[in-house]
Amino acid sequence: MDSTADAKRTMPTWKKWLIRVIFWGVIIGAIVAWPQGVGAVLAGGAILLLVLVLWIKYKIKKFLAPLQDLELFPESIKLTLQEKVSWNKADLVAAASEAIKASGFEPIGTFTINKSTNQFVEAFMNEKESAYAVVYDFPFTDVVVDYVSEFEDGSCFTCSNTQLPEILEYPSGRTVDRHPGMDAGPLYEEFVSARPDGPRMPVSADGFVARFEQYHAEVMAWNREQVDYREKLAQALHEEFLAQSNWSAIEWDRKQNRVVFVHDALPSREVVDMYVSALCLEDEEEFDREKKRAEALVKEATKTDAFERMIQESPHQVGLEKLMELTTPVRANVYLSAAEEE
């Protein structure tokens with residue numbers, strides 16, 4: 001266990017002394033004040049309650065201390081080889097590891113991420129299939145298994161059973177095929193079946209760490225670039241809309257929070273979320289059905305066209321009014337969402 005992590009979880013000395021002073025103050029105060037009547041006793045009780053609150057806060061902070069090390073999407077990562085680790089979910093990791101080895105993979109090693117005391121990565125390789133397998137064991141999340149193959153043309157294919165939301169995006173050519181919750185054995189079968197054809201890059205135990213760290217850095221850098229680009233694009237689209245619309249400054253000020261821009265630079269999940277949010281469905285099954293339909297459509301066409309189809313083919317009333325189509329700075333459709341009932 002990292003000693004620095006233990007230091008973070010230790011209560012500061014000043015807090016310990018504060019609690020001690022308050023505690024003995026309550027005891028002595030109660031003894032001295034008892035003859036003075038009920039009011040003094042109540043005052044002493046209030047101080048005791050304060051001590052109790054401080055103690056509870058300390059216990060909660062101590063319980064949540066492992067969260068301080070939890071960072072699912074750090075900007076950069078450094079893997080450190082470990083001889084022995086204390087798994088968060090040892091049984092689940094063991095089951096996944098056995099299934100991976102049964103599929104022809106050999107262990108590479110177990111690593112911590114950024115010297116964390118509770119984020120573990122177990123790596124495997126299959127030289128014949130030119131594939132890596134990675135098991136992630138983080139606190140407060142399910143154990144995740146990824147199978148990965150890289151190709152000579154620079155593309156990469158990953159098959160994952162993660163159940164986390166799709167927060168990150170991936171550059172063109174780096175496909176992530178998600179099968180949430182699927183066991184490691186069947187997941188490998190899906191990986192082999194769905195993996196594209198083409199000459200694959202060889203895998204090696206010595207090359208795993210450098211490639212893993214580089215891949216993560218490249219994906220995170222690309223995501224940062226996309227966020228910056230979309231922020232600038234959003235401003236440009238607002239300006240273009242105002243230039244082409246007949247809205248007054250007062251009308252824009254009143255309705256700007258309801259204006260929705262749909263374009264191909266948006267993440268797929270955001271396009272889907274905009275559609276299902278506009279439905280205002282209360283039925284959970286119907287909501288899930290429409291979300292899956294939207295997710296399928298966004299894979300079949302450009303995001304701008306897919307969103308149009310979501311609306312046109314929807315069996316429900318969609319609370320969006322199309323205002324106009326823009327061609328600059330990019331092709332985009334502009335909608336006005338329905339006003340919220342007061």
Side-chain angles (χ1 to χ4, degrees), residues 73 153-157 165-178 196 218-281 287-341:
F73 303 107
D153 63 2
S155 62
C156 180
F157 178 78
E166 291 187 73
I167 297 176
L168 290 179
E169 300 174 71
Y170 295 89
S172 177
R174 296 188 176 180
T175 304
V176 178
D177 187 19
R178 295 166 59 97
E218 290 171 353
V219 170
M220 294 305 297
W222 188 83
N223 273 267
R224 287 195 302 272
E225 292 173 1
Q226 291 300 301
V227 170
D228 293 341
Y229 168 70
R230 283 196 294 268
E231 288 178 353
K232 295 176 181 177
L233 181 58
Q235 181 61 35
L237 287 170
H238 288 156
E239 294 173 358
E240 184 66 18
F241 170 73
L242 289 177
Q244 293 194 32
S245 70
N246 296 319
W247 284 19
S248 65
I250 294 176
E251 189 172 15
W252 169 252
D253 185 64
R254 186 162 49 89
K255 296 180 179 179
Q256 61 176 312
N257 293 331
R258 296 167 49 205
V259 177
V260 177
F261 295 87
V262 179
H263 51 84
D264 294 340
L266 291 174
S268 297
R269 67 176 185 280
E270 190 170 325
V271 175
V272 172
D273 288 344
M274 284 192 296
Y275 168 69
V276 294
S277 296
L279 295 176
C280 298
L281 291 174
F287 179 90
D288 290 340
R289 201 160 26 243
E290 280 301 290
K291 185 174 182 180
K292 289 179 181 178
R293 184 179 73 86
E295 289 171 342
L297 286 173
V298 84
K299 294 178 181 178
E300 297 174 1
T302 66
K303 291 155 189 173
T304 308
D305 292 336
F307 194 78
E308 283 277 272
R309 287 185 58 188
M310 291 176 201
I311 296 174
Q312 293 172 358
E313 300 173 9
S314 176
H316 307 279
Q317 183 175 358
V318 184
L320 291 170
E321 173 192 354
K322 188 173 181 179
L323 299 178
M324 67 171 61
E325 297 182 7
L326 300 177
T327 56
T328 58
V330 296
R331 176 178 172 237
N333 289 339
V334 187
Y335 301 87
L336 183 68
S337 64
E340 294 184 2
E341 295 182 3

CD (Gln317) with more than 12 external heavy atoms under 6.0 Å: no
From CA spacing to verdict: side-chain contact (heavy atoms from CB on, under 4.5 Å), Val259, Trp247: CA-CA 12 Å; Val259 177; Trp247 284 19; 3.8 Å; yes
Verdict with reasoning, Asn223 to Glu225, per side-chain contact (heavy atoms from CB on, under 4.5 Å): CA-CA 5 Å; Asn223 273 267; Glu225 292 173 1; over 6 Å; no
Trp222 ring center near Tyr170 ring center (under 6.0 Å): no
Salt bridge (Lys or Arg N to Asp or Glu O under 4.0 Å) pairs, two or more places apart, involving residues 242-251: Glu251-Lys255
Spatial distance of atom CD (Glu295) from atom CE (Met310) [nearest 0.5 Å]: 9.0 Å
Contact check, side chains of Leu336 and Val260, non-hydrogen atoms, under 4.5 Å: no
Pairing of Lys322 and Glu308 as salt bridge, 4.0 angstrom limit: yes
pair Met324-Phe241: side-chain heavy atoms closer than 4.5 Å: yes
Between CD on residue Glu321 and CD1 on residue Ile311, distance to nearest 0.5 Å: 11.5 Å
Presence of salt bridge, Asp288 and Arg293, under 4.0 angstrom: no
Close side-chain approach of Trp252 to Leu242, heavy-atom, < 4.5 Å: yes
Within-4.5 Å side-chain heavy-atom neighbours: Leu237 and Pro329: yes
Within-4.5 Å side-chain heavy-atom neighbours: Val334 and Glu325: no
Heavy-atom side-chain contact between His238 and Gln256 under 4.5 Å: no
Short side-chain to backbone donor-acceptor contact, Thr328 and Val330, under 3.5 Å: no
Separation between CZ of Arg254 and OG of Ser248, rounded to the nearest 0.5 Å: 7.5 Å
Test item: Arg331 and Asp305 side chains (from C-beta on) under 4.5 Å apart, heavy atoms: yes
Step-by-step side-chain contact (heavy atoms from CB on, under 4.5 Å) determination, Tyr335 to Leu323: CA-CA 5 Å; Tyr335 301 87; Leu323 299 178; 5.9 Å; no
Geometric class of the Tyr275/Phe307 ring pair [parallel <30°, tilted 30-60°, perpendicular >60°]: perpendicular
Pairs where residues 230-244 contributes a residue and the test salt bridge (Lys or Arg N to Asp or Glu O under 4.0 Å) is met, not counting sequence neighbours: Glu169-Arg230
Check: residues 261-272 side-chain donor-acceptor pairs under 3.5 Å, at least two apart:
unit_1: His263; atom_1: ND1; unit_2: Ala265; atom_2: N; d: 3.2
unit_1: Asp264; atom_1: OD1; unit_2: Lys303; atom_2: N; d: 3.2
unit_1: Asp264; atom_1: OD1; unit_2: Thr304; atom_2: N; d: 2.9
unit_1: Asp264; atom_1: OD1; unit_2: Thr304; atom_2: OG1; d: 2.8
unit_1: Arg269; atom_1: NE; unit_2: Glu166; atom_2: O; d: 3.2
unit_1: Arg269; atom_1: NH1; unit_2: Glu166; atom_2: O; d: 3.1
unit_1: Arg269; atom_1: NH1; unit_2: Ile167; atom_2: O; d: 3.1
unit_1: Arg269; atom_1: NH2; unit_2: Ile167; atom_2: O; d: 3.0

Any side-chain heavy-atom pair of Thr175 and Cys156 under 4.5 Å: no
Phe287/Leu279 under side-chain contact (heavy atoms from CB on, under 4.5 Å): CA gap, chis, key distance, verdict: CA-CA 8 Å; Phe287 179 90; Leu279 295 176; over 6 Å; no
